Chemist: 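Dropping a structure here in structure tokens format, bear with me for questions.
When a residue number appears, it is its place in the shown sequence, counting from 1. All values reported here derive from a predicted model rather than from experimental measurement.
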Amino acid sequence: MSTRIAFLKGHGTENDFVIVPDPENAVDLPPAAVAALCDRRAGLGGDGLLHVVRSAAHPEARDMAAEAEWFMDYRNGDGSVAEMCGNGVRVFARYLQRAGHATEGDLAVATRGGVKRVHIAKGAGSAAGDITVGMGRALLPEGDVEVGVGERSWPARNVNMGNPHAVAFVADLDHAGDLYTPPSHAPAGAYPDGVNVEFVVDRGPGHVAMRVHERGSGETRSCGTGACAVAVAAARRDGADPAVTGAPATYTVDVPGGTLVITERPDGEIEMTGPAVIVAEGEFDSAWLEGVRA
């Protein structure tokens with residue numbers, strides 16, 4: 001017998017997600033089902049899926065349950081599992097607020113990249129306040145990295161935000177091509193599990209713009225961890241290291257879907273601030289998913 005499964009749609013700077021509330025981890029979501037739900041023509045459509053589960057009910061999050069009641073079981077649009085999604089955390093928090101599981105103020109969210117600290121600013125309705133996420137510290141692996149599109153190639157900065165990024169500064173964002181196909185990268189061993197690639201241009205002091213190819217999703221309208229990686233790479237390029245100077249470094253990062261503000265503090269913690277919007281909710285028939293799994 002089929003059942004009705006609730007879903008919502010939301011986005012953070014137009015990085016959009018299917019949201020499946022499932023507190024007790026009872027909905028089976030194998031990769032094929034996730035990919036079908038995220039399909040923009042035959043499914044609901046999204047860059048990824050936010051599976052909303054109580055931490056205590058998920059084997060990957062039980063050890064975080066004492067710190068964070070809710071676990072963001074995040075999947076890429078192709079169904080693959082990802083460690084973290086910065087825009088996804090903001091949309092996840094907005095859903096918890098909408099569902100009455102969280103209020104304005106501070107919130108902890110469990111992710112595969114650890115527990116993330118979130119602050120929901122005051123606001124209501126269409127004027128809902130921005131959401132700030134503590135994104136953790138960036139790791140800057142040693143070694144030269146290069147990325148390429150077609151005949152062009154650029155040196156890139158290797159930045160890990162709990163997931164891997166290669167940040168390339170370019171003269172024109174059009175040089176990134178259509179970003180449907182993953183940009184090449186070298187050396188091959190630098191990113192054994194694939195990489196998110198950001199192409200960046202300067203807009204002014206402390207102000208950059210970017211395009212991104214997200215592994216497993218293609219080009220997206222925004223990438224929160226990517227914006228953080230870009231801000232860190234820009235700061236180091238500009239000679240700013242808050243751990244050395246003792247002063248925070250803040251960059252405004254324009255993405256195709258809007259604007260994010262990224263601050264790296266002297267203790268290394270990176271904060272990302274931006275909007276998050278729930279745009280729709282409904283139900284789909286579990287029989288449809290059974291057909292996908294078959």
Side-chain angles (χ1 to χ4, degrees), residues 12-15 82-91 111 113-114 116-119 121 130-142 145 147 154-173 176 179 183 191 195-215 219-276:
T13 50
E14 297 183 10
N15 193 188
E83 302 92 338
M84 242 295 285
C85 175
N87 289 319
V89 173
R90 296 202 320 279
V91 175
T111 76
K116 302 303 177 184
R117 305 297 170 182
V118 178
H119 181 81
D130 282 351
I131 295 178
T132 298
V133 180
M135 299 289 287
R137 293 169 170 78
L139 298 177
L140 301 172
E142 297 291 335
V145 177
V147 300
W154 303 267
R157 187 70 188 245
N158 190 349
V159 183
N160 193 291
M161 286 297 308
N163 56 358
H165 296 267
V167 180
F169 292 90
V170 299
D172 191 318
L173 289 179
L179 290 183
Y191 301 106
V195 61
N196 306 288
V197 182
E198 288 80 27
F199 297 89
V200 188
V201 296
D202 288 298
R203 292 287 189 239
H207 188 181
V208 296
M210 62 174 266
R211 289 176 63 198
V212 59
H213 176 95
E214 289 195 62
R215 57 176 181 168
E219 182 172 17
T220 59
R221 300 282 293 171
S222 180
C223 175
T225 55
C228 293
V230 164
V232 170
R236 298 303 182 274
R237 181 203 59 173
D238 295 342
D241 183 346
V244 174
T245 65
T250 296
Y251 281 78
T252 298
V253 182
D254 293 337
V255 296
T259 297
L260 297 166
V261 177
I262 312 297
T263 297
E264 184 182 11
R265 301 191 324 221
D267 64 2
E269 180 72 17
I270 297 169
E271 295 179 336
M272 173 186 64
T273 299

Chemist: Is Met84 close to Lys116 at the side-chain level, that is, under 4.5 Å between some pair of heavy atoms?
Modeler: yes
Chemist: Checking Thr263 against Ile270 for the side chain to side chain contact (heavy atoms under 4.5 Å, CB included) test, could you report, in this order, the C-alpha distance in whole Å, the side-chain angles of both residues, the deciding distance, and whether it holds?
Modeler: CA-CA 6 Å; Thr263 297; Ile270 297 169; over 6 Å; no
Chemist: Scan for salt bridge (Lys or Arg N to Asp or Glu O under 4.0 Å) pairs involving residues 199-208, sequence neighbours excluded, and state none if there are none.
Modeler: Asp202-Arg237
Chemist: Check side chain to side chain donor-acceptor pair (under 3.5 Å) between Asp267 and all other residues, then give those that pass, not counting sequence neighbours.
Modeler: Arg265
Chemist: Measure across Leu260 and Ala227 and return the closest heavy-atom pair with its distance rounded to 0.1 Å.
Modeler: CD1-CB, 3.8 Å
Chemist: If every non-hydrogen atom of Leu179 is compared with every non-hydrogen atom of Pro183, which pair is closest and at what distance?
Modeler: CD2-CG, 3.9 Å
Chemist: Apply side chain to side chain contact (heavy atoms under 4.5 Å, CB included) to the pair His165 and Glu198, showing each step before the final yes or no.
Modeler: CA-CA 7 Å; His165 296 267; Glu198 288 80 27; 2.8 Å; yes
Chemist: Please name the pair of heavy atoms, one in Glu269 and one in Met135, separated by the smallest distance, quoted to 0.1 Å.
Modeler: OE2-N, 3.4 Å
Chemist: Taking all non-hydrogen atoms of both residues into account, name the closest pair between Ala276 and Ile131 and its distance.
Modeler: CB-CD1, 4.0 Å
Chemist: Checking Thr111 now: which residues fulfil side chain to side chain donor-acceptor pair (under 3.5 Å) with it, not counting sequence neighbours?
Modeler: none
Chemist: Go through the structure and list residues passing side chain to side chain donor-acceptor pair (under 3.5 Å) with Thr132, not counting sequence neighbours.
Modeler: Thr273
Chemist: Passes side chain to side chain donor-acceptor pair (under 3.5 Å), Ser222 versus Glu14? Steps please.
Modeler: CA-CA 6 Å; Ser222 180; Glu14 297 183 10; over 6 Å; no
Chemist: Which heavy atom in Met272 sits nearest to a heavy atom in Cys228, and how many Å separate them?
Modeler: CB-SG, 4.1 Å
Chemist: Checking Thr245 now: which residues fulfil side-chain contact (heavy atoms from CB on, under 4.5 Å) with it, not counting sequence neighbours?
Modeler: Ala247
Chemist: Between His207 and Asp254, do the side chains contain a donor N or O and an acceptor N or O under 3.5 Å apart?
Modeler: yes
Chemist: If I take atom CG from residue Leu173 and atom CZ from residue Arg211, how far apart are they, to the nearest 0.5 angstrom?
Modeler: 6.5 Å
Chemist: What distance separates Cys85 SG from Arg90 CZ, expressed to the nearest 0.5 Å?
Modeler: 9.0 Å
Chemist: Would Thr252 and Thr259 count as a side chain to side chain contact (heavy atoms under 4.5 Å, CB included) if you check the C-alpha gap in whole Å, the side-chain angles of each, and the deciding distance to 0.1 Å?
Modeler: CA-CA 7 Å; Thr252 298; Thr259 297; 3.4 Å; yes
Chemist: Listed by chain and number, what are the side-chain contact (heavy atoms from CB on, under 4.5 Å) partners of Arg215, not counting sequence neighbours?
Modeler: Glu83, Asn163, Pro164, Asp193, Asn196
Chemist: Going by side-chain contact (heavy atoms from CB on, under 4.5 Å), name the residues that satisfy it together with Arg236, two or more places apart in sequence or in a different chain.
Modeler: Leu140, Arg157, Val232, Asp241, Pro242, Glu264
Chemist: Once you round to the nearest 0.5 Å, how far does CE of Met210 lie from SG of Cys223?
Modeler: 5.5 Å
Chemist: Does Asn160 have any side chain to side chain donor-acceptor pair (under 3.5 Å) partners at least two apart in sequence or in another chain, and if so, which?
Modeler: none
Chemist: Do Asn87 and Thr13 touch side chain to side chain, with heavy atoms closer than 4.5 Å?
Modeler: yes
Chemist: For residues Pro266 and Gly246, report the shortest heavy-atom separation together with the two atoms involved.
Modeler: CG-O, 3.3 Å
Chemist: Please identify each residue that fulfils side-chain contact (heavy atoms from CB on, under 4.5 Å) with Ala231, with sequence neighbours left out.
Modeler: Tyr251, Ile262
Chemist: For Tyr191, what residues pass the ring-ring contact (aromatic ring centres under 6.0 Å, His included) criterion, not counting sequence neighbours?
Modeler: His185
Chemist: How far apart are the C-alpha atoms of Phe199 and Phe169, what are their side-chain angles, what is the distance that settles it, and do they pass the side chain to side chain contact (heavy atoms under 4.5 Å, CB included) test?
Modeler: CA-CA 6 Å; Phe199 297 89; Phe169 292 90; over 6 Å; no
Chemist: Between Val208 and Val201, is there a side-chain heavy-atom distance shorter than 4.5 Å?
Modeler: no
